[in-house]
Amino acid sequence: MADAFGAIMAMLLFVTLLAGGGIYYIVHLKRRQSDLEETLESQQDVSKIHTIISSKIRDIAQLATVREDFTAEIIYEDAKEKFGFKLPFTGVKFHMTYSGVIVCGCDLTRARVPEQSINGNNATILLPQCTVLHIYPKPDSYNIISNESGVFADKITLEHQNALVNDRLEREKNRLIGEGILQRANENVCRILKAQMQAIGINPNVVFLNGYDTRLLT
């Protein structure tokens with residue numbers, strides 16, 4: 001009788017443990033499935049936000065943020081020499097001014113948005129430094145002040161004049177870069193991108209690679 005009772009109790013205990021284990025397994029499985037669904041949903045959200053940001057940046061493509069006029073002056077003098085002495089009547093003096101345009105901006109086709117930086121509506125946008133996109137003279141602004149040449153001098157040709165203009169363009173570009181025109185272009189890119197992203201509900205942290213971090217602007 002005691003053996004039968006013990007067997008029944010053992011069976012009940014086994015069934016209880018089995019039922020409890022089954023319930024625990026089902027609850028654990030549902031919880032794990034729920035966690036996986038939340039993770040998947042979160043990944044999908046990140047991917048969706050990444051796609052939206054990248055698409056918006058691609059729409060802007062190459063962003064020109066600084067367009068500035070400048071005036072340049074060319075003063076050129078030369079003469080033929082022999083044995084270290086300038087020969088008489090071979091001197092050339094050329095003086096002209098002209099206006100030009102410099103355009104700076106950012107190549108947004110190289111922009112990157114690391115998915116690990118996306119947290120809710122916050123995201124980091126990595127950009128290359130702004131560069132000089134174009135610099136060119138305005139031919140209708142050419143003003144030749146003087147063009148003097150000696151009897152035996154090689155006169156200034158149109159090709160020589162254009163070479164002098166191009167040489168001066170390079171010097172003007174370096175001068176404007178030294179005065180901070182690219183930094184101003186970076187700051188403008190940052191402001192424009194922030195406005196574009198905030199318009200679609202994204203809070204961007206715009207970072208320029210190679211040293212210039214626009215988080216200092218905020």
Side-chain angles (χ1 to χ4, degrees), residues 57-112 125-196 206-217:
I57 291 174
R58 280 196 303 272
D59 288 344
I60 305 173
Q62 191 178 72
L63 183 61
T65 59
V66 173
R67 183 186 184 279
E68 189 169 296
D69 294 335
F70 62 88
T71 301
E73 181 180 36
I74 296 173
I75 299 176
Y76 175 79
E77 293 187 24
D78 194 18
K80 295 180 181 179
E81 292 187 7
K82 193 168 185 178
F83 305 119
F85 295 98
K86 292 183 178 181
L87 300 177
F89 308 112
T90 64
V92 174
K93 293 182 179 180
F94 182 74
H95 185 193
M96 73 171 286
T97 60
Y98 69 90
S99 298
V101 178
I102 186 169
V103 181
C104 303
C106 185
D107 182 5
L108 295 183
T109 63
R110 295 170 54 202
R112 297 292 178 266
I125 301 175
L126 303 178
L127 298 178
Q129 294 283 328
C130 284
T131 59
V132 175
L133 301 177
H134 310 287
I135 183 168
Y136 55 90
K138 299 177 181 178
D140 59 353
S141 70
Y142 287 8
N143 178 28
I144 298 176
I145 299 170
S146 65
N147 185 3
E148 304 172 6
S149 56
V151 176
F152 304 112
D154 295 328
K155 297 184 184 298
I156 298 292
T157 63
L158 181 60
E159 290 76 12
H160 192 184
Q161 175 184 300
N162 289 337
L164 292 172
V165 169
N166 290 334
D167 178 69
R168 188 67 197 187
L169 277 179
E170 189 65 23
R171 284 192 284 169
E172 287 298 315
K173 181 177 78 171
N174 292 333
R175 177 183 68 81
L176 291 165
I177 290 174
E179 292 176 357
I181 194 169
L182 294 182
Q183 182 172 327
R184 287 194 283 120
N186 281 348
E187 292 169 357
N188 289 343
V189 168
C190 178
R191 292 190 181 97
I192 292 170
L193 262 187
K194 281 188 173 181
Q196 292 284 337
V206 181
V207 177
F208 286 87
L209 301 178
N210 302 325
Y212 188 73
D213 188 340
T214 57
R215 285 177 294 185
L216 299 175
L217 298 175

query: Where do His160 and Phe94 land on the ring-ring contact (aromatic ring centres under 6.0 Å, His included) test, with the steps shown first?
result: CA-CA 11 Å; His160 192 184; Phe94 182 74; 7.8 Å; no
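In this structure, Tyr136 has no side chain to side chain donor-acceptor pair (under 3.5 Å) partners at least two apart in sequence or on a different chain. Residues forming a side chain to side chain donor-acceptor pair (under 3.5 Å) with Gln161 (at least two apart in sequence, or on another chain): none.
How far CZ of Arg184 is from OG1 of Thr65: 9.5 Å, rounded to the nearest 0.5 Å. Distance check: Cys130 SG to Glu187 CD gives 10.0 Å after rounding to the nearest 0.5 Å. Taking CG of Asn188 as the start and SG of Cys104 as the end, the distance is 10.0 Å to the nearest 0.5 Å. The CG atom of Leu209 lies 7.5 Å from the CG atom of Leu127; values are rounded to the nearest 0.5 Å. Rounding to the nearest 0.5 Å places NZ of Lys173 at 9.5 Å from CG of Leu182. Rounding to the nearest 0.5 Å gives a distance of 7.0 Å between CD1 of Ile135 and CD of Glu172.
Considering all non-hydrogen atoms of both residues, Pro128 and Ala111 come closest at CD-N, 4.5 Å. Val165 approaches Tyr98 most closely through the heavy-atom pair O-OH, 3.2 Å. Scanning both residues, Ile144 and Met96, for their nearest heavy atoms gives CA-CB, 3.9 Å.
Distance alone, capped at 3.5 Å, is enough to place a donor-acceptor pair between the Asn166 side chain and the Asn162 backbone.
For the residue pair Ser99 and Lys138, no side-chain donor N or O sits within less than 3.5 Å of a side-chain acceptor on the partner.
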